[in-house]
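Structure record follows, encoded as structure tokens.
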Protein chains: 2
Amino acid sequence: MKIDVTKHLTLGAKRTLKAFRVAMFDALSEKDFDRITVNDICKKSEYPRATFYNYFDDKLDLLEYLWSYIGKNILDQISSTQHNKNNLVKIFNLLVDFFEENPALLANIKKSDGSNSHLWHNMSGYLKHEANIIVYKNYADKNSVALPAPLVSRFYSDLIIGLLEWYLFEEPNADKETADKYLINLLTGNF
Amino acid sequence: MKIDVTKHLTLGAKRTLKAFRVAMFDALSEKDFDRITVNDICKKSEYPRATFYNYFDDKLDLLEYLWSYIGKNILDQISSTQHNKNNLVKIFNLLVDFFEENPALLANIKKSDGSNSHLWHNMSGYLKHEANIIVYKNYADKNSVALPAPLVSRFYSDLIIGLLEWYLFEEPNADKETADKYLINLLTGNF
DNA sequence: TGCAAATTTATAAAAGTGTCTAAATATAGG
DNA sequence: CCTATATTTAGACACTTTTATAAATTTGCA
């Protein structure tokens with residue numbers, strides 16, 4: 001990204017970022033990421049190319065900003081003060097809810113080869129990253145003799161995203177309660 | 001890919017694929033993937049652009065073919081008949097060995113933002129996929145009441161790649177034996 | 001070896017990318 | 001509200017990508 005979105009943004013900048021975000025999100029429900037051009041995004045958002053390049057290096061850069069934004073938004077509802085294994089189940093459920101609320105996006109990801117698609121690899125990487133930030137905050141203080149804390153939190157977030165991938169692409173007929181049960185089994189070493 | 005590499009290939013096709021693979025692999029040790037052009041690949045491999053586009057959709061397509069090829073090659077040494085948890089450690093060690101044998105590639109991945117780099121996300125996805133094929137063959141027959149087999153093998157391959165990422169990018173000073181120990185702890189639910 | 005079929009190649013052209021200007025516009029702060 | 005500063009914009013540019021075509025070459029097989 002050409003700008004730092006964690007710093008203060010003018011109203012105009014926020015408006016522009018949102019327009020590009022929405023344009024990319026909509027475009028993703030319509031066609032493959034490969035087929036989306038910067039021109040498409042500019043036409044949809046009604047901003048000139050030069051403005052696009054003021055904010056982003058390229059369309060992948062916008063895509064990744066979109067994933068980060070979405071990831072943060074989904075997981076916003078997790079309290080960082082409650083520390084328990086239930087939070088991991090809650091993160092998983094929030095992610096599932098997001099995809100159930102956005103079937104067009106999910107369908108497009110599935111169309112381009114499901115869990116093997118670039119789109120999914122890319123998105124899940126960012127979701128995992130956002131999940132890991134929360135998980136780390138929750139478990140960093142629980143010292144384990146057997147394993148370093150960063151490795152454990154990484155393990156937990158990997159687990160959540162792995163189960164999500166399985167649930168969305170491999171076993172789309174499984175119900176959420178069963179998936180929750182499986183998650184708990186994996187978390188408690190019951191396998 | 002424009003052709004099916006699992007089907008029979010002519011000698012010429014094999015020669016051409018190898019030339020493109022080697023060209024991309026070498027290019028990756030020299031500069032960022034973003035900066036590599038199809039022209040670079042063609043110059044290195046001494047094939048015309050039209051031939052490149054006979055085989056691949058674009059440079060990302062070649063990259064992914066390269067990762068699959070490398071993944072298969074690294075893990076070729078795993079026997080599919082021996083079924084034990086040791087195989088998981090062996091897969092991890094083979095992957096570590098590959099990166100220790102290819103420091104220029106690793107350095108380039110690290111340079112472009114370590115575990116956050118596109119290159120790594122992309123590569124690790126394919127390594128995980130290849131690892132999962134082997135793990136699934138090893139564990140599919142061990143029925144678990146608590147969890148479906150595809151989920152368990154996915155869990156194991158996630159674990160291996162997660163630990164690899166941690167070992168390569170987060171804790172490059174850890175020794176392989178410690179990493180092996182951590183892997184066993186994670187596999188046995190000792191966390 | 002020789003021939004039909006498939007593949008590779010040179011070449012051209014349309015479309016997309018990313019950078020750069022200077023003018024137009026928007027912004028924050030007195 | 002005004003003004004210095006920063007951002008946005010149009011337009012042009014060099015370059016890369018991707019597709020398409022027909023001729024040249026290579027391939028598998030009899």
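Letters A, B, ... mirror the listed sequences (proteins, then strands); counts begin at 1.
For the pair A/Arg15 and C/dA26, the criterion of a side-chain N or O lying under 4.0 Å from OP1 or OP2 is not met. Within the 4.0 Å cut-off from OP1 or OP2 of C/dT7, not a single side-chain nitrogen or oxygen of B/Asn54 is found.
Annotation for A/Lys7: atom NZ does not count as buried by contact number, only 12 or fewer foreign heavy atoms lying within 6.0 Å. Within a 6.0 Å sphere centred on NZ of A/Lys176, other residues, nucleotides and ligands contribute more than 12 heavy atoms.
To the nearest angstrom, P of D/dT19 lies 11 Å from CZ of B/Arg49. For the pair A/Leu9 CG and C/dT27 P, the interatomic distance rounds to 13 Å; values are reported in whole Å. Regarding B/Phe56, its CZ atom lies at a distance of 20 Å from the P atom of D/dT16, rounded to whole Å. Between B/Asp58 atom CG and C/dG16 atom P the separation is 15 Å, expressed in whole Å. If you take CD of B/Glu46 and P of C/dT8, they are 17 Å apart, rounded to a whole angstrom. The OH-P distance, from A/Tyr53 to D/dG11, rounds to 18 Å in whole Å. Computed from coordinates, the A/Lys59 NZ to C/dT17 P distance equals 6 Å when rounded to whole Å. Separating the CG atom of A/Asn39 from the C1' atom of D/dT18 is a distance of 15 Å, rounded to the nearest angstrom.
Of the two residues near DNA chain C, B/Pro48 and A/Val38, the one whose nearest nucleotide lies more 5' is B/Pro48. Of the two residues contacting DNA chain D, namely B/Thr37 and B/Leu11, the nearest-nucleotide position lying further toward the 5' end is that of B/Thr37. Nearest-nucleotide positions on DNA chain D place B/Ala50 closer to the 5' end than the other of B/Ala13 and B/Ala50.
Candidate nucleotides C/dT19, D/dT27, C/dT11 were compared by shortest atom distance to the side chain of A/Lys2, and C/dT19 ranks first.
Among the protein residues, B/Tyr55 comes within range of the sugar-phosphate backbone only, with heavy atoms under 4.0 Å from sugar or phosphate atoms but none that close to a base.
Taking the six-membered ring where tryptophan is involved, the planes of B/Phe155 and A/Phe155 are perpendicular, since the angle between them exceeds 60° and thus also 30°.
At a threshold of 4.0 Å, the pair B/Glu30-B/Lys44 counts as salt-bridged, since one of the basic side-chain nitrogens sits closer than that to a carboxylate oxygen.
Formation of a donor-acceptor pair under 3.5 Å by the B/Asp58 side chain with backbone atoms of B/Asp61 is found in this model.
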